[in-house]
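Notes follow the structure.
The sequence lines fix the lettering, A, B, ..., with proteins before strands; numbering per chain opens at 1.
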Protein chains: 2
Amino acid sequence: MSETLDIGSLLKHTALFQDFDTDDMAVLARDCRQLRIARHDFVFNRGDRADGFYVVAVGAIKLVLPGPHGQRKVIEFFGPGQCFGEPFMFINQPYAADAQAMEDSLLVWIGKPAIDAALDVHPHLARQMLAGLSSRLHTLMRDIETVKLQSANARLVGYLLSLPRKLDRARFPCSKSLVASKLGLAPATLSRALQQLIRDGLILVEGRDVVIPSTTALQRQLQSG
Amino acid sequence: MSETLDIGSLLKHTALFQDFDTDDMAVLARDCRQLRIARHDFVFNRGDRADGFYVVAVGAIKLVLPGPHGQRKVIEFFGPGQCFGEPFMFINQPYAADAQAMEDSLLVWIGKPAIDAALDVHPHLARQMLAGLSSRLHTLMRDIETVKLQSANARLVGYLLSLPRKLDRARFPCSKSLVASKLGLAPATLSRALQQLIRDGLILVEGRDVVIPSTTALQRQLQSG
DNA sequence: CGGAGCATTGAAGCGTTTCAATGTAGGTGG
DNA sequence: CCACCTACATTGAAACGCTTCAATGCTCCG
């Protein structure tokens, strides 16, 4: 009882289930599980059956694609309120990537039957999920553009500009190696690209923080570089 | 009247609207338009308002992302029965790519209000669209893997193996330059990769046709190359 | 203080792109 | 029916950008 209530309160704060009332939530919660995942542990591995999906309550998850020669490429990061794994569930195929916790995390697992039932009753949920998938499709399209059409420096600049900013200060959400992987770069290349921008007086780097004195100056780099 | 009937019969053959009855279809058709697009003409351009989406009745459409220096990268091809443009519609953002006809094509345009209404009534439609988007998300993830983690030869081999085959014969769906763009390669590189496979005795190329004597021999290339 | 993990830097190597020249095929008009 | 033209494909040589490897530096935490 306290378990299901708990799951309900976790999910109520996500965009997906905002319009669910207590009854809806109780039904849904029957087919949910809470999961605690320690930093560096895997939520699922490529090849596992995708008979449900996950919502992040607290923590941070990365989706990683293993390449043929042991390289790994980060595809997406997920934070609180976001869900992941549904694309595999919806097409009834095993996961094609690994999901790994970047921090100690608390997740809610939702079974496919529960979502199927909820979709029948809540057209709004369907629209939310359609919008969510669309948005990620959109992002991935931009990522392909980034990876193939832009130089390392341009990729970095684009990424820096996309980062949430407080005043003139942005912050990497994780280690630079992981950022590099997300951008499809070798860590060494990211490091060199950062140095380049520093030399050009466009940014300052202090650990995980990045100071951007002039956004417009950075944006100019995108056209010219 | 003949117009709406016509649209109905075009849509009935797509996976998306298979379970629509005549009444449903009549309602939907009110907010649809037929479009004829000549080869090389654009269906929409990056930046256009996405207040609907498209279903291919006959023909072939490519989705192309323009890069900063005039390069262009093909993201997806769409053939009869497939739909495109919905991801932009669902997130209420302008198109981020160009859609261009590779052949003379016949399309059906469906307005957002019509789909919104249909989603309320047909949970099954929602599931179909969720599955469609999921599948494309999946494909794009593989494309990113391909583009970043695999060599030109491996990319080509993977693509050849994914092509529909009659006996030992496959066929490029379009010019080699476009295939190259889809694979994220320069046309010259694709040409060299093909020659390489021919030299290794793994394929024969006759114009747009590719003969694959041994699928398994090709697959072995994937692991080793 | 010491160690582990991540970041930086340099030098070398590799794969892909670019450019330009040549080759080939399909379609048109003389 | 042949000659031509345009678009696409091939091939070579050179250059570029990123990766790799390895050594060094830094920083946080036990």
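Contacts of Leu190(B) with the nucleic acid, taken as non-hydrogen atoms under 4.0 Å apart, are absent.
The distance between atom CD of Glu206(A) and atom P of dA7(C), rounded to the nearest whole Å, is 16 Å. In this structure, His69(B) places its NE2 atom 15 Å from P of dC16(D), rounding to the nearest Å. Lys176(A) has its NZ atom 14 Å from the C1' atom of dC28(D), to the nearest Å. Atom CD in Gln150(B) sits roughly 16 Å away from atom P in dT19(D) (whole-Å rounding). When the P atom of dT17(C) is taken as reference, atom CG of Leu149(A) falls 11 Å away, rounded to whole Å. The separation between Gln195(A) atom CD and dC18(D) atom C1' is 17 Å, rounded to whole Å. Protein atom CZ of Arg39(A) is 10 Å distant from nucleotide atom P of dC29(D), rounded to whole Å. What separates CG of Leu194(B) from C1' of dT10(D) is a distance of 11 Å, to the nearest Å.
Between Ser177(B) and dA7(D) there is no side-chain N or O to OP1 or OP2 distance below 4.0 Å. Contact check, Thr189(A) against dT19(D): a side-chain N or O comes under 4.0 Å of OP1 or OP2.
Of the possible donor and acceptor atoms, none in the side chain of Asp168(B) sits under 3.5 Å from a partner among the backbone N and O of Ile212(B).
The pair Arg171(B)-Asp209(B) meets the salt-bridge criterion, with a side-chain N (NZ, NE, NH1 or NH2) lying under 4.0 Å from an Asp/Glu carboxylate O.
On a pure distance criterion of 3.5 Å, no polar donor-acceptor pair joins the side chain of Arg192(B) and the base of dG15(C).
Phe44(B) and Tyr54(B) have tilted rings, their planes meeting at an angle from 30° to 60° on a 0 to 90° scale.
Other residues, nucleotides and ligands contribute at most 12 non-hydrogen atoms within 6.0 Å of the CZ atom of Arg142(A).
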